[in-house]
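On a predicted model such as this, the values are computed, not experimentally measured, just so you know.
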Amino acid sequence: MSDPGHPGYVAAYERVLAGGAPELLRDGGLLLNSFEITENLLLSHSEASTSPRHRWFSILTACIELLSWNGWEASRGTPASQALCNLTTDSFALLDAGDARAPLELLPSTCRELQQASENRHLRATALLCELLVGDLTDADIETRCRELNRHHDAFQAQCVESEDTNEWIPNVWLARRPEFIWGAAVSQRQELRMWLELVKAHFPWSPGLALKTRERLLEDGEAWERSARRR
């Protein structure tokens with residue numbers, strides 16, 4: 001490899017493989033935010049389909065990105081929703097390729113932890129959507145989560161909300177950028193939207209009835225947004 005930083009990259013990722021998350025977070029996240037780690041993140045995802053080895057590296061880097069889900073300010077940082085999308089896409093791709101080690105069984109707990117720990121309500125909604133794609137859920141669980149997803153969307157459409165502290169009406173800081181169901185708040189890039197739509201087509205539940213309606217709304221709104229973007 002001609003990149004003069006290559007030995008440093010290898011050394012940094014060897015530390016990650018040996019020490020995991022504790023090593024990344026040691027000394028206030030010194031390794032997590034180091035150039036040797038961040039320099040490779042975007043490329044790792046763009047090359048993910050090259051081989052199973054690339055898929056695994058993309059999974060590793062997506063997990064690194066998600067360690068800072070509340071607002072990583074690195075100049076080349078991937079939005080947490082994109083990192084979660086990459087992680088899910090790569091995991092299903094490995095499973096489809098016959099790799100029994102694909103970490104899909106770990107994704108439901110990852111989604112739940114993001115919902116519980118993140119202060120970003122848009123990310124909570126994205127993680128809830130992802131849980132519906134990867135979770136082994138009963139019909140009752142699916143319906144409960146679909147109702148919650150719809151509540152998230154409604155909350156993102158309000159221009160103003162009532163302050164819990166003063167009971168005054170204040171601007172909604174979580175107002176969606178666009179009106180599309182979930183996507184208008186959670187996604188900002190077309191490539192990410194395409195990836196999520198493929199995941200919904202392949203893995204979102206078809207039943208019970210509310211799940212089917214939610215699935216159809218996700219696809220209709222997402223595809224309409226994508227068509228309108230192509231016409232510009």
Side-chain angles (χ1 to χ4, degrees), residues 62 65-66 68-73 77-89 107-108 110-135 137 141-201 203-205 208-232:
E65 289 161 343
L66 286 173
S68 49
W69 58 66
N70 269 328
W72 185 22
E73 299 301 330
T78 298
S81 60
Q82 178 71 70
L84 187 59
C85 184
N86 288 329
L87 176 60
T88 306
T89 297
L107 293 189
T110 300
C111 294
R112 288 191 294 271
E113 184 173 350
L114 285 167
Q115 293 171 65
Q116 293 164 6
S118 179
E119 297 174 3
N120 187 318
R121 296 183 186 179
H122 295 169
L123 179 55
R124 288 182 204 167
T126 310
L128 176 60
L129 168 61
C130 190
E131 186 184 2
L132 282 159
L133 300 174
V134 300
L137 303 171
D141 291 334
I142 292 170
E143 183 155 336
T144 296
R145 284 159 175 76
C146 285
R147 290 189 188 283
E148 187 176 353
L149 199 64
N150 279 271
R151 284 196 294 270
H152 274 302
H153 174 74
D154 291 343
F156 297 153
Q157 305 309 304
Q159 295 279 343
C160 295
V161 295
E162 189 173 0
S163 169
E164 296 178 359
D165 299 323
T166 65
N167 295 324
E168 297 178 349
W169 289 93
I170 58 175
N172 181 7
V173 298
W174 300 110
L175 179 67
R177 293 178 296 272
R178 296 180 56 91
E180 288 83 6
F181 183 64
I182 298 301
W183 311 127
V187 174
S188 59
Q189 299 177 4
R190 286 180 59 194
Q191 178 59 30
E192 181 186 352
L193 174 63
R194 293 190 198 103
M195 292 174 67
W196 278 117
L197 289 175
E198 290 303 313
L199 288 169
V200 169
K201 289 175 186 176
H203 304 291
F204 198 91
L210 183 58
L212 178 59
K213 291 179 181 178
T214 304
R215 174 192 172 92
E216 290 174 343
R217 191 175 181 188
L218 285 164
L219 292 174
E220 288 173 2
D221 279 22
E223 289 169 353
W225 180 9
E226 190 176 15
R227 286 195 301 271
S228 67
R230 283 200 302 265
R231 287 196 295 266
R232 291 175 186 168

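Atoms OG1 and CG, from Thr110 and Leu84 in turn, are 8.0 Å apart once rounded to the nearest 0.5 Å. Expressed to the nearest 0.5 Å, how far CG of Leu107 lies from CG of Leu114 amounts to 10.0 Å. If you take CD on Glu198 and OG1 on Thr88, they are separated by 14.0 Å, rounding to the nearest 0.5 Å. To the nearest 0.5 Å, atom CG of residue Leu132 and atom NE2 of residue His203 are 13.5 Å apart. Atom CG in Leu128 sits 10.5 Å away from atom OG1 in Thr144 (nearest 0.5 Å). To the nearest 0.5 angstrom, Leu219 atom CG is 11.0 Å from Glu226 atom CD.
Of all non-hydrogen atoms in Ala80 and Leu66, the two that sit nearest each other are O-CD2, 3.7 Å. When all heavy atoms of Ser81 and Ala186 are compared, the pair lying nearest together is OG-O, 3.4 Å. Across every non-hydrogen atom of Trp169 and Cys160, the tightest pair is CZ3-O, 3.7 Å. Residues Ser118 and Leu123 approach most closely at OG-CD2, 3.6 Å, considering heavy atoms. Closest non-hydrogen pair, Pro108 versus Gly135, comes out as CG-CA, 3.9 Å. Closest approach of Cys130 to Trp196, counting heavy atoms only: CB-CH2, 4.1 Å.
Screening His122, Arg217, His153 for a side chain to side chain contact (heavy atoms under 4.5 Å, CB included) with Ile182, the sole residue that qualifies is His153. For the side-chain hydrogen bond (donor to acceptor under 3.5 Å, both in side chains) test with Gln115, the passing option among Arg145, Arg124, Glu131, Arg121 is Glu131; the others fail.
Side chains of Cys85 and Leu199 form a contact here, defined as non-hydrogen atoms less than 4.5 Å apart. Residues Leu137 and Pro205 have side chains not in contact (no heavy-atom distance under 4.5 Å, counting atoms from C-beta outward). For the pair Asn120/Trp174, a side-chain contact is recorded, criterion being any heavy-atom separation below 4.5 Å from C-beta on. Under the 4.5 Å side-chain criterion, counting only non-hydrogen atoms from C-beta, Gln82 is in contact with Met195. Annotation: side chain of Gln159 is in contact with side chain of Leu175 (closest heavy-atom distance under 4.5 Å). Counting only heavy atoms from C-beta outward, the side chains of Leu218 and Leu129 approach each other to under 4.5 Å. Between Phe181 and Glu220, the closest side-chain pair of non-hydrogen atoms is not below 4.5 Å.
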Apply side chain to side chain contact (heavy atoms under 4.5 Å, CB included) to the pair Glu223 and Lys201, showing each step before the final yes or no.
-> CA-CA 11 Å; Glu223 289 169 353; Lys201 289 175 186 176; 3.2 Å; yes
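Judged as a side chain to side chain donor-acceptor pair (under 3.5 Å), and not counting sequence neighbours, Trp183 has no contacts. For Gln191, the side chain to side chain donor-acceptor pair (under 3.5 Å) partners are Arg194, not counting sequence neighbours.
Using a distance-only test at 3.5 Å, with no hydrogens or angles considered, no donor-acceptor pair links the side chain of Asn172 to the main chain of Gln157. Between the side chain of Ser228 and the backbone N or O of Trp225 there is at least one donor-acceptor pair closer than 3.5 Å. A side-chain donor-acceptor contact under 3.5 Å links Arg177 to the backbone of Val187.
For the salt bridge (Lys or Arg N to Asp or Glu O under 4.0 Å) condition, the pairs that include at least one residue of residues 146-173, sequence neighbours left out, are Glu143-Arg147.
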